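Position 1 is the first residue of the sequence, and the numbers go up from there. If you're wondering where the values come from, they're calculated on a predicted model, not measured in any experiment. As the structure lists them, so they are numbered: ligands from 1, and atoms in each ligand from 1.
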Amino acid sequence: MERTLSIIKPDGVKKNIIGEVVSRFEKAGLKVVASKMKHLSQREAEGFYAVHKERPFFGSLIEFMISGPVVLMILEGEGAILKNRELMGATNPADADEGTIRKDFADSIESNIVHGSDAPETADFETKYFFSALETY
Ligand code: IDP
Ligand code: MG
């Protein structure tokens, strides 16, 4: 069993598709084992995306991520990290496969509805960044 961090970004919350996104995870066999809604502070968002801080889009990404509340979740399942990435689709919705969350709902490469950890190391860092052991089930 593997665990991964999922975030429904502010655009997903604004579009009122929390249930739709979670339903896709559940139908694919991923289980929500932790969940909370949170309006990230600038410091929290910058710490989460620290790996991207030299990228030209960093400032804009942080502004977007703190523009409204997000839904933070830990998903559990066999191959959860890759399975979640497949359900999400490519970063740029223009490149995303049919039937993926980003293809169906995302407006741009920045406002792309969901985050998902990309490897076991990032999944470990990211799940612990937002959840304590006592908050997971
Ligand atoms: P990922 O979310 O598919 O893993 P990353 O490359 O890790 O994509 O980028 C993190 C987030 O930064 C993306 O989900 C997106 O919101 C934003 N982003 C990535 N590339 C660009 C870009 O070229 N312009 C604007 N925003 C970007
Ligand atoms: Mg990434």
Notebook entry, point to check: Should we count NZ of K14 as having more than 12 external heavy atoms under 6.0 Å?
Noted result: yes
Check: Considering only protein heavy atoms, which is closest to atom 25 (C) of ligand 1, and at what distance to one decimal place?
Finding: F57 CB, 3.5 Å
Check: So which protein heavy atom does atom 16 (O) of ligand 1 come closest to, and at what separation?
Finding: E110 O, 2.8 Å
Next item on the list: Examine ligand 1 and decide if any of its atoms is less than 4.0 Å from a heavy atom belonging to I109.
Entry: yes
Next item on the list: Report the part of N92 (side chain from C-beta onward, or backbone N, CA, C, O) that has a heavy atom under 4.0 Å from ligand 1; answer both or neither where that applies.
Entry: neither
Next item on the list: Could you list which atoms of ligand 1 come closer than 4.0 Å to a heavy atom of N112?
Entry: 13 (C), 14 (O), 15 (C), 16 (O)
Note to self: Can you confirm whether F25 sits close enough to M73 that some side-chain heavy atom of one is under 4.5 Å from a side-chain heavy atom of the other?
What the structure shows: yes
Next item on the list: With the side chain counted from C-beta on, respond yes when I74 and F130 share a heavy-atom pair under 4.5 Å apart, and no when they do not.
Entry: no
Margin query: Classify the ring geometry of H115 against F48: parallel below 30°, tilted from 30° to 60°, perpendicular beyond 60°.
Written below: perpendicular
Checklist line | Within 6.0 Å of NZ in K53, more than 12 heavy atoms from elsewhere | finding: no
Checklist line | Distance-only N or O hit between ligand 1 and Y49, under 3.5 Å | finding: no
Note to self: Tell me whether D97 is salt-bridged to R102, with the criterion being a basic N under 4.0 Å from an acidic carboxylate O.
What the structure shows: no
Check: Out of R102, H115, M88, whose heavy atom sits nearest atom 2 (O) of ligand 1?
Finding: R102
Check: Are any of the heavy atoms in R55 under 4.0 Å away from ligand 1?
Finding: no
Note to self: Please determine whether a side-chain nitrogen of the Lys or Arg among D107 and K15 lies less than 4.0 Å from a carboxylate oxygen of the Asp or Glu.
What the structure shows: yes
Notebook entry, point to check: Would you say M65 contacts ligand 1, with heavy atoms under 4.0 Å as the rule?
Noted result: no
Checklist line | For atom 1 (P) of ligand 1, closest protein heavy-atom neighbour | finding: T91 OG1, 3.6 Å
Notebook entry, point to check: When you measure from atom 4 (O) of ligand 1 to every protein heavy atom, which one gives the shortest distance, and what is it?
Noted result: R85 NH1, 2.8 Å
Margin query: Looking at E76 and K31, is there a salt bridge between them, counting it only when a charged N and a carboxylate O are closer than 4.0 Å?
Written below: no
Next item on the list: Identify, for atom 6 (O) of ligand 1, the protein heavy atom at the shortest distance, and state residue, atom and that distance.
Entry: H52 CE1, 4.0 Å
